[in-house]
Amino acid sequence: MFTVAPATRIDARAARTPAQDQIAVALLGLGQVGSAVARLALESCPGMQLPVRITGALVRDLHRPRPTGNRVPLTAAGDELLDGAPDVVVEVLGGLEPARTLVLRALGRGIPVVTANKSLLAVHGDELFTAAAETRTPLRYEAAVLAGVPFLGTFTRRPLAASLASLCGVVNGTTNFILTEMSAGRAYPDALAEAQRRGFAEPDPSNDVLGVDAAQKLAVLLRHFAHCSVKPEQIETTGIGGLCARDLDQAAVLGGALKPIIAADWTGHDLSAFAGPAFVAASHSLARIDGVQNAIVLGGAPGGDLLFAGPGAGPVATAATILDDVVEATEQPKPQKTVEAHRTRGAVPAAPLTGWFIRLTGNTLPVAPDVADLLSARGVWLRRVSDDDGRDGRATRWLVAHPCDRGRIEAALAAVRTAAACDAHWIRALEERA
Ligand SMILES: NC(=O)c1ccc[n+]([C@@H]2O[C@H](COP(=O)([O-])OP(=O)(O)OC[C@H]3O[C@@H](n4cnc5c(N)ncnc54)[C@H](OP(=O)(O)O)[C@@H]3O)[C@@H](O)[C@H]2O)c1
């Protein structure tokens with residue numbers, strides 16, 4: 001049980017009694033995650049070796065009732081919290097400003113920062129990591145990707161894992177929930193409404209359903225995985241809006257599932273990456289990641305692929321990871337005064353070589369062997385073909401093609417469109433993995 005002495009003025013070090021080993025934490029933000037951090041620190045914190053004391057929290061609205069009652073002093077002035085010289089600043093404001101300015105100020109004063117803000121890291125990462133290196137101050141962000149699963153630390157602590165060449169995962173719980181619901185028969189608007197009702201989707205879900213959130217997380221991951229500084233907009237990104245419930249049905253008929261995927265390959269020189277919905281065969285470990293669960297697979301380890309899975313969001317899971325980071329930030333030796341060599345790149349070249357999940361729709365469609373001939377003449381080979389589905393008075397057929405590059409599939413499908421007077425919609429298909 002940890003308690004916070006009521007403070008009239010936010011001054012972490014002055015209030016640091018009786019236990020000198022308490023970690024004084026200033027919270028930037030007391031929303032869903034900030035409140036969960038405060039409650040874990042105030043009420044119980046299983047597994048924490050050191051007590052954490054919340055010195056105060058930055059909020060917009062000083063008068064709104066808070067789940068932490070009056071146990072956490074509130075302020076609308078972030079600098080007031082920094083002036084109190086806390087041991088660690090936890091940034092859970094979200095968005096870019098004032099988060100960027102306050103994190104830079106904290107680092108400038110040598111105060112370790114823990115953040116869960118992937119947008120901030122994806123957009124201003126170079127500036128923040130440079131500031132952290134120059135002031136030799138820890139900047140930790142384990143909760144920014146796979147919130148409740150300690151994963152990023154694997155890259156820094158496990159040299160073998162850090163040297164693996166392929167990564168794929170499901171890192172957006174909102175879209176994974178929506179696609180899971182659609183695969184159980186719900187239409188997209190109903191699945192989205194259910195996600196919003198259960199607090200898994202924002203009132204404005206654009207960042208999730210357009211793939212922006214996944215691309216931001218992938219950009220954060222690429223710093224570790226490929227030592228590259230990549231902006232989210234440089235990554236091929238597709239939203240889930242083009243999918244319909246029948247795509248999910250047919251994916252199951254074709255022996256797999258549709259999942260919101262991120263994937264990257266890194267040769268040591270060349271990087272390829274994408275974020276978007278993809279077909280994954282039922283035997284792939286990501287096919288079993290349902291609902292709001294998240295997972296990452298690191299491919300190519302000597303004994304087989306490594307799977308990291310667990311809660312990818314949720315205030316309590318995120319807060320537990322943040323508190324682990326808080327403890328590590330205070331125990332961590334001062335980082336080297338060198339900015340890690342993150343090569344800045346232009347647009348990330350073509351996504352990894354993947355297969356393709358294709359939907360053809362028209363008034364009539366050629367028989368399956370004729371479609372296969374049209375595609376194979378252009379170097380695209382089919383792995384699976386569903387039966388013609390004549391619902392809605394339109395002929396529809398779904399295909400899974402073997403891996404080929406994007407230019408080739410686009411050219412082949414353009415030829416099919418012309419020859420068969422049909423529409424073609426495609427997404428990527430991951431190679432099977434045990
Ligand atoms: N929610 C999750 O499950 C989850 C999981 C992983 C990572 N994250 C990340 O954690 C961060 C916080 O998420 P959240 O869900 O806790 O957000 P949230 O509920 O919207 O909370 C944001 C908090 O920041 C305060 N705030 C925002 N802008 C401010 C400003 N300009 N000045 C002062 N205070 C300001 C808000 O004050 P008021 O309370 O007065 O409005 C609120 O207390 C985000 O970066 C998010 O991506 C969240």
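Start at 1 and go down the list; that is how both ligands and their atoms are numbered. Atoms considered below: every heavy atom in the structure, side chains included; atoms not considered: hydrogens, waters and symmetry mates.
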Side chain, backbone, both or neither: D61 near ligand 1, heavy atoms under 4.0 Å: both

Within this structure, what is the CZ-CG distance for the pair R417 and D423, rounded to the nearest 0.5 Å? 7.5 Å

Looking at ligand 1, does any of its N/O atoms fall within less than 3.5 Å of an N/O of L30? yes

Which residue holds the protein heavy atom closest to atom 39 (O) of ligand 1, what is that atom called, and what is the gap in Å? R66 NH1, 2.7 Å

the protein heavy atom lying closest to atom 8 (N) of ligand 1 turns out to be A116 O, 3.9 Å

If the threshold is 4.0 Å, N to carboxylate O, is there a salt bridge linking E181 and R197? no

Closest protein heavy atom to atom 45 (O) of ligand 1, given as residue, atom name and distance to 0.1 Å: G94 CA, 3.2 Å

Would you mind telling me if ligand 1 is within reach of the side chain of K217, the backbone, both or neither, using heavy atoms under 4.0 Å? neither

Mind listing the closest non-hydrogen atom pair of I261 and A278 along with its distance? CG1-CB, 3.8 Å

Within 45 degrees of the ring normal and closer than 6.0 Å to the centroid, is that where the cationic atom of R428 sits relative to F274? yes

Could you go through the side-chain hydrogen bond (donor to acceptor under 3.5 Å, both in side chains) check for S229 and D126 one step at a time? CA-CA 7 Å; S229 166; D126 290 337; 2.9 Å; yes

Would you give the length of the straight line joining atom CG of D247 to atom CZ of F279, rounded to the nearest 0.5 angstrom? 11.5 Å

Tell me, please: is E91 in heavy-atom contact with ligand 1, that is, under 4.0 Å? no

Is a donor on one side and an acceptor on the other found under 3.5 Å between the side chain of T237 and the backbone of I235? yes

Heavy-atom side-chain contact between K259 and L179 under 4.5 Å: no

Can an N or O of G312 be found at a distance shorter than 3.5 Å from an N or O of ligand 1? no

Of all protein heavy atoms, the one nearest atom 5 (C) of ligand 1 is T318 OG1, 3.2 Å

Quick one: are D324 and P150 in side-chain contact, heavy atoms under 4.5 Å? no

What residue and heavy atom of the protein are closest to atom 22 (C) of ligand 1, and at what distance? L93 O, 3.5 Å

With a 4.0 Å cut-off, strictly under, does atom 20 (O) of ligand 1 pick up any protein heavy atom? no

Nearest protein heavy atom to atom 37 (O) of ligand 1, by residue and atom, and its distance? R60 N, 3.2 Å

Atoms of ligand 1, numbered as shown, that sit under 4.0 Å from any heavy atom of K118: 47 (O)

side-chain contact (heavy atoms from CB on, under 4.5 Å) partner of V90, chosen from V52, L323, V33, V326: V326

Against heavy atoms of P98, which atoms of ligand 1 measure under 4.0 Å? 30 (C), 31 (N)

Would you mind checking which non-hydrogen protein atom is closest to atom 4 (C) of ligand 1, with the distance to 0.1 Å? V33 CG2, 3.7 Å

Is the count of non-hydrogen atoms from other residues, nucleotides or ligands lying under 6.0 Å from E202 atom CD greater than 12? no

Could you walk me through whether F129 and H227 pass the ring-ring contact (aromatic ring centres under 6.0 Å, His included) check? CA-CA 13 Å; F129 292 118; H227 311 285; over 10 Å; no

For atom 15 (O) of ligand 1, state whether the nearest protein heavy atom is under 4.0 Å away. yes

Numbering the atoms of ligand 1 from 1, which are under 4.0 Å from a heavy atom of G314? 3 (O)

I need the contact type for E97 against ligand 1. Using non-hydrogen atoms and a strict under-4.0 Å cut-off, is it side chain, backbone, both or neither? neither

Just to confirm my output: which protein heavy-atom neighbour is closest to atom 42 (C) of ligand 1, and how far is it? G31 N, 3.6 Å

Relative to the heavy atoms of V92, which atoms of ligand 1 are at a distance of less than 4.0 Å? 12 (C), 22 (C), 23 (C), 24 (O)

